[in-house]
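Labels below follow one simple rule: chain letters A, B, ... track the order of the sequence lines, proteins then strands, and each chain is numbered from 1.
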There are 2 protein chains.
Amino acid sequence: MPLQDHMQIISVDDHLIEHPRVFSDRLPAKFLAEGPRIVEDEKGRHIWHFEDKIFPYIGLNAVAGKSPAEYGLEPLRFEDMIPGCYDPVERVKDMDVDGVHAACCFPSFPGFGGRVFLNAKDKDLAFACLQAWNDFSIDEWSATAPGRYVPLALLPIWDVDRCVSELKRVAAKGARVVSFPDSPVPLGLPSFHSDHWGPLWDAFEDTGVVVSLHFGSGSFVPGFSASAKALSPSFKGGEFKSVSARTGGNAEIKDDDAPTCTSFAVYATNLMWTASDLVFSGQLQKHPRLKFMLAEGGIGWFPYIWERMDQVWSRHRYYQPIDFDTRPSDLFKKHFWGCYIEDEFGIKNRHEIGIDRICVEIDYPHSDSNWPNSRKGIAASLAEVPDDEAHRIVELNAREVLNFPRG
Amino acid sequence: MPLQDHMQIISVDDHLIEHPRVFSDRLPAKFLAEGPRIVEDEKGRHIWHFEDKIFPYIGLNAVAGKSPAEYGLEPLRFEDMIPGCYDPVERVKDMDVDGVHAACCFPSFPGFGGRVFLNAKDKDLAFACLQAWNDFSIDEWSATAPGRYVPLALLPIWDVDRCVSELKRVAAKGARVVSFPDSPVPLGLPSFHSDHWGPLWDAFEDTGVVVSLHFGSGSFVPGFSASAKALSPSFKGGEFKSVSARTGGNAEIKDDDAPTCTSFAVYATNLMWTASDLVFSGQLQKHPRLKFMLAEGGIGWFPYIWERMDQVWSRHRYYQPIDFDTRPSDLFKKHFWGCYIEDEFGIKNRHEIGIDRICVEIDYPHSDSNWPNSRKGIAASLAEVPDDEAHRIVELNAREVLNFPRG
């Protein structure tokens, strides 16, 4: 058994569902009316209201405790989820059942990278909400069981100066990870190629906080039938307007004619794009201590993309504004960590990927998760792996990169 | 030396540049004024004119014969390219120098998948142009040196009935491959999930012609800073309009702030999306003899994506409209072939990928090509590979899937 009892599983990617009082317990009174609040509608559903918008899925994809045959129905009330989704005391019990020692929990209502606050009209309200979420994440959720949660924070991505000050604030009280958009571009923010983010990268280096880039945190859903269809010349205002004109009147398309599994299967392509942007941005050379975690994208594709990046670099560096001397794969290997739930091909190629760059994720309570059998699944994935390598992968790499030592 | 002299390299992905008379030699007189024609502008540049549009890059990325230090300058006149780009007699000489026996040549001016004809206003003119291109490709280019060119055709993708009849016409006179969009969706056409394409898939099965899906043929450029930025809420009409508003006035972005190598490096992600669409479409089960070639996407990522597709399928098939019984990886392995120029990781994992599913590409005259050292490069990539496997990869797989036997 390469996964020994003394090895503690540190998951770098889990999710929490905000309970109804996360914001109302913390916002100044003047913001309570517009701030995020749970409203029960006439059908008895629990729905987040924020400013003048509604967010109907309180627990998007929260399926922990269900069998795959029960997937597909979103929880409509908090009682439709097991309590570990939104209660940090219950979550620890669920982690114990699952054989998982520590979890790094991403937000739900705000979007993985804080998109909902970015899109708010009142940015003072949005900033108060963001700080409320961070205080909840660090002081309430993570403080419930010190050593069992890796504290994660969000940043006010619409204002880089406030990003810097908020990062310093949350780092000072224990945040180890910030969830940042996998690309700012689909959110309407400057890309990773812009110097705009430079002061923030400085602050990440100074604090040692890890930048976790979770698939989808930039609001881009991969796949030709999801985000990409919005690029179609006949897709306007959420539906296809003129396909029949383009096909001589002999075709009809429904808006959602592709099953969503076509996107699920290619989540990793977002993170390939992210890595390509960062590696060719020139920012890593200016910020040599930056650390990025690629969350929910697997690892088995790393060597293919490294080779491809290096080929492109070797041929095109002569005329493009990219670093002439530094191989992209070397930058990737220095600055990036990855994680997996099930990735037999990645584990088979672990030496090529780098034994010190692989972590594990549990993804509770989402549908990728094997809860309550995560430890069994990870043990099976490591069945052919020497003990010392298994220990690095399940625990030691995460403890080192996250600066999260055993208590 | 695993690559023996008797092994003939069959490239499944090369490119030709249309010479100035491709269309004018063939179009009916009534279409000559509006049809594609080369015009020399006041600066002496050769420029395609078609209807009321101009297409300034006659030889996009045609760099054969240049060193990487000379990349980045597009040819402005035919004389700026080596003649093998547009002259099939000279091309064979270039292939001889390169140690390559046969080439399958994609179009340039029409777009890899015929996008330019799709976008034409006059669809009768467009259809005449498309047939002219096919006649050129088969009767002029490929007929110059029988056995040295794998005849490739395009289809009138705006009209599925005409696709069927044109496929039958070109197959009857020797076409072995059709270049089809890697996704119809960004072109405003029904997706691969639609039954719209059923009659065409029937015709592909009946003719045995291979559907080649070349990266970019659907007009989608991967990467967050290319196509994806068009999805940004602040990107309108080709530029960012309101980024400064989203960042409190403290940011400026240029439209093209990402070097194009960020897209070059992730070309394969297009084909991952393509494969995900096709594998989950249900169409492969209805058309068991369909054959797809993934062109210019490498192979090293296949096992990662197979595993991921199977995981998604095993968890989400209960409620999504996808095949409950057929594993996605089995469909992929049955229906898809891939190719590579340099892919050390893919060749290392060739048994997992499937020795009978790997072909080679040369990509002359584009920047990925190693011309005039392609054979040396392929030999190096196969240095550790047994002779029989090398023979399958460089020649036999392509001959079988393309139905292109030795003369």
Student: Checking A:Tyr319 against chain B: side chain, backbone, both or neither under 4.5 Å from a heavy atom?
Tutor: side chain
Student: In terms of heavy-atom proximity below 4.5 Å to chain B, should A:Glu70 be classed as side chain, backbone, both, or neither?
Tutor: neither
Student: What heavy-atom pair brings B:Phe280 and A:Ala265 nearest, and what distance separates the two atoms?
Tutor: CE1-CB, 3.9 Å
Student: Using modelled atom types and a 3.5 Å cut-off, is there a donor and acceptor pairing between side-chain atoms of B:Arg315 and backbone atoms of A:Ser367?
Tutor: yes
Student: Tell me, side chain or backbone of B:Asn270 under 4.5 Å from chain A's heavy atoms, or both, or neither?
Tutor: both
Student: For this output row, return yes or no: ring centroids of A:Phe224 and B:Phe220 closer than 6.0 angstrom.
Tutor: yes
Student: To the nearest 0.5 angstrom, please state how far the OG atom of A:Ser276 sits from the CZ atom of B:Phe264.
Tutor: 10.5 Å
Student: Taking B:Gly297's backbone N and O only, do any of them form a donor-acceptor pair with A:Arg308's side chain (distance below 3.5 Å, no angle check)?
Tutor: no
Student: Using heavy-atom distances under 4.5 Å, tell me whether A:Thr274 contacts chain B through its side chain, its backbone, both, or neither.
Tutor: both
Student: For the interface with chain A, which of B:Ile305, B:Thr260, B:Ile322, B:Asp182 has the highest count of heavy-atom pairs at distances below 4.5 Å?
Tutor: B:Thr260
Student: Any donor-acceptor pair under 3.5 Å linking the side chain of B:Glu344 with the backbone of A:Glu307?
Tutor: no
Student: Which atom names give the shortest non-hydrogen contact between B:Pro68 and A:Tyr318, and what distance separates them?
Tutor: CB-CE1, 3.4 Å
Student: Atom CE in A:Met309, atom SG in B:Cys261: separation rounded to 0.5 Å?
Tutor: 9.5 Å
Student: Checking heavy atoms, do the side chain of B:Phe192, its backbone, both or neither come under 4.5 Å from chain A?
Tutor: neither
Student: Please round to the nearest 0.5 Å and tell me the distance separating atom OH of A:Tyr304 and atom CZ of B:Phe302.
Tutor: 9.0 Å
Student: Kindly assign one of parallel, tilted or perpendicular to the pair B:His316 and A:Tyr71, based on the angle between their ring planes and the thresholds 30° and 60°.
Tutor: tilted
Student: Tell me whether the centres of the aromatic rings in B:Trp306 and A:Trp301 are closer together than 6.0 Å.
Tutor: no
Student: Quick one: of B:Val63, B:Asp195, B:Thr262, who has the most non-hydrogen atom pairs under 4.5 Å with chain A?
Tutor: B:Thr262
Student: Any side-chain to backbone donor/acceptor pair from A:Gln311 onto B:Glu342? Under 3.5 Å, distance only.
Tutor: yes
